[in-house]
Amino acid sequence: MLIPRLLRVGGWMLKELSKGRYLSTSGTGYTGQRWRPLFILPSETKAFQGSAFQKYHHFSTAVTGDTCDEGSERNDTISVTFVDKDGEEQLIKVPIGMSLLEAAHENDIELEGACEGSLACSTCHVIVMDMDYYNKLEDPTDEENDMLDLAFGLTESSRLGCQIVAKPELDGIRVAIPAATRNFAVDGFVPKPH
């Protein structure tokens with residue numbers, strides 16, 4: 001009886017953490033305390049994006065009052081420029097550890113990502129515009145190369161946006177979004193917004 005209850009509580013906690021909520025509980029219910037991350041572990045891009053562990057792993061502690069040190073903030077983002085099919089540029093800040101696909105979706109940039117980063121399509125195909133930055137990326141896996149073979153407008157510096165993960169040495173990277181994608185979904189399919 002205790003184990004099923006612990007599993008339900010653990011499942012609930014994972015669900016709430018994956019939504020980005022931080023709650024403090026007491027014997028009488030929820031309290032309205034402010035939360036501050038105690039530890040932030042690096043994000044990992046997982047093959048299954050529906051996982052509760054897809055973004056940042058936070059361990060939090062409650063804070064009473066405003067005791068944040070403003071001088072202790074670290075630079076945890078990089079600058080990324082997306083160039084769309086019309087040549088218009090959009091500069092955004094991307095948190096370290098987040099994929100370019102996730103960053104594009106959070107900033108309403110039209111980068112499709114039909115498989116939601118599970119390496120099952122090539123719709124998040126981007127072209128790294130500077131070979132110096134391309135050479136700083138990890139080599140593509142065999143699975144990524146297989147999907148890139150299906151991409152529209154493949155170039156020497158093509159990558160999948162779901163596989164480019166922000167790291168400090170990529171600060172200032174520019175990526176172009178091709179004019180079209182090859183989505184093998186049925187005609188008339190409209191992807192759900194993320």
Side-chain angles (χ1 to χ4, degrees), residues 14 18 40-57 75-194:
L14 287 175
S18 70
I40 300 175
L41 300 177
S43 172
E44 297 174 347
T45 303
K46 298 289 186 186
F48 177 63
Q49 289 291 314
S51 167
F53 303 103
Q54 73 185 27
K55 285 197 175 182
Y56 300 97
H57 307 287
N75 186 6
D76 289 336
T77 61
I78 64 169
S79 297
V80 176
T81 303
F82 284 89
V83 181
D84 68 13
K85 62 185 177 197
D86 300 322
E88 293 182 29
E89 296 185 3
Q90 185 172 355
L91 176 68
I92 63 170
K93 293 290 188 182
V94 179
I96 301 295
M98 178 181 279
S99 75
L100 294 192
L101 175 64
E102 291 173 303
H105 288 172
E106 285 189 5
N107 289 279
D108 297 323
I109 295 172
E110 292 188 28
L111 185 60
E112 188 173 341
C115 74
E116 297 185 359
S118 64
L119 274 174
C121 74
S122 63
T123 58
C124 66
H125 170 222
V126 295
I127 300 166
V128 180
M129 299 178 75
D130 186 345
M131 284 305 285
D132 289 337
Y133 283 106
Y134 181 83
N135 292 331
K136 292 178 183 179
L137 298 172
E138 293 180 19
D139 290 334
T141 63
D142 290 339
E143 292 84 3
E144 182 179 0
N145 280 328
D146 290 343
M147 290 298 110
L148 282 170
D149 288 340
L150 305 173
F152 177 84
L154 190 64
T155 69
E156 188 178 308
S157 61
S158 290
R159 293 297 299 267
L160 296 180
C162 64
Q163 299 302 301
I164 300 176
V165 178
K167 52 187 178 179
E169 55 267 24
L170 296 179
D171 190 29
I173 191 171
R174 298 178 74 229
V175 295
I177 301 173
T181 62
R182 288 191 178 139
N183 186 348
F184 296 105
V186 179
D187 287 341
F189 174 77
V190 178
K192 292 186 233 175
H194 298 282

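Predicted model only: the values in this text are computed from it and were never measured. FYI, side chains are in, hydrogens and waters are out, and symmetry mates aren't considered; it's all heavy atoms of this structure.
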*State the OG1-OH distance between Thr155 and Tyr134, to the nearest 0.5 angstrom.*
8.0 Å

_Phe82 side, atom CZ; Ile173 side, atom CD1 - distance, nearest 0.5 Å_ = 9.0 Å

_Straight-line distance of Glu116 CD to Cys121 SG, nearest 0.5 Å_ = 9.5 Å

*Can Glu89 and Arg174 be said to form a salt bridge (Lys or Arg N to Asp or Glu O under 4.0 Å), step by step?*
CA-CA 9 Å; Glu89 296 185 3; Arg174 298 178 74 229; 2.3 Å; yes

*What heavy-atom pair brings Gln163 and Gly117 nearest, and what distance separates the two atoms?*
NE2-O, 4.3 Å

*asked:* Pair Val94, Leu170 - check side-chain contact (heavy atoms from CB on, under 4.5 Å), show working.
replied: CA-CA 10 Å; Val94 179; Leu170 296 179; over 6 Å; no

*Do you know which two heavy atoms are closest between Leu101 and Gly113, and how far apart they sit?*
CD1-CA, 3.8 Å

_His125 versus Ser158, closest heavy-atom pair with distance_ = NE2-OG, 2.7 Å

*Is there a donor-acceptor pair under 3.5 Å between the side chain of Ser157 and the backbone N or O of Val128?*
yes

*In Å, rounded to the nearest 0.5 Å, how long is the span from CD1 of Ile177 to CG of Asp84?*
6.5 Å

*Between Asp171 (side chain) and Ile78 (backbone), is there a donor-acceptor pair under 3.5 Å?*
no

*asked:* Could you check whether any side-chain N or O of Asp86 sits under 3.5 Å from a backbone N or O of Glu88, counting only pairs where one atom can act as donor and the other as acceptor?
replied: no

_Minimum side-chain heavy-atom gap Glu138-Glu144 below 4.5 Å_ = no

*Please indicate whether Glu169 has more than 12 foreign heavy atoms, meaning atoms of other residues, nucleotides or ligands, lying under 6.0 Å from its CD.*
yes

*Looking only at non-hydrogen atoms, find the nearest pair between Ser122 and Met147 and report the distance.*
CB-O, 3.2 Å

_For Leu119 versus Cys115, what's the shortest heavy-atom pair and its separation?_
N-SG, 3.6 Å

*Indicate the atoms forming the closest heavy-atom contact of His105 with Leu111, along with that distance.*
NE2-O, 2.8 Å

*Are side-chain heavy atoms of Glu156 and Met131 found at a separation under 4.5 Å?*
yes

_Glu110 atom CD: more than 12 heavy-atom contacts under 6.0 Å_ = no

*Ser79 vs Lys93 side-chain heavy atoms within contact, under 4.5 Å*: yes

*Less than 4.5 Å apart, any side-chain heavy atom of Pro95 and any of Asp76?*
no

*asked:* Is it the case that atom NZ in Lys85 sees more than 12 heavy atoms from other parts of the structure closer than 6.0 Å?
replied: no

*Drop me the distance from Ile92's CD1 to Leu100's CG, to the nearest 0.5 angstrom.*
7.5 Å

*Can you tell me if Asn107 uses its side chain to pair, donor with acceptor, with the backbone of Ile109 under 3.5 Å?*
no

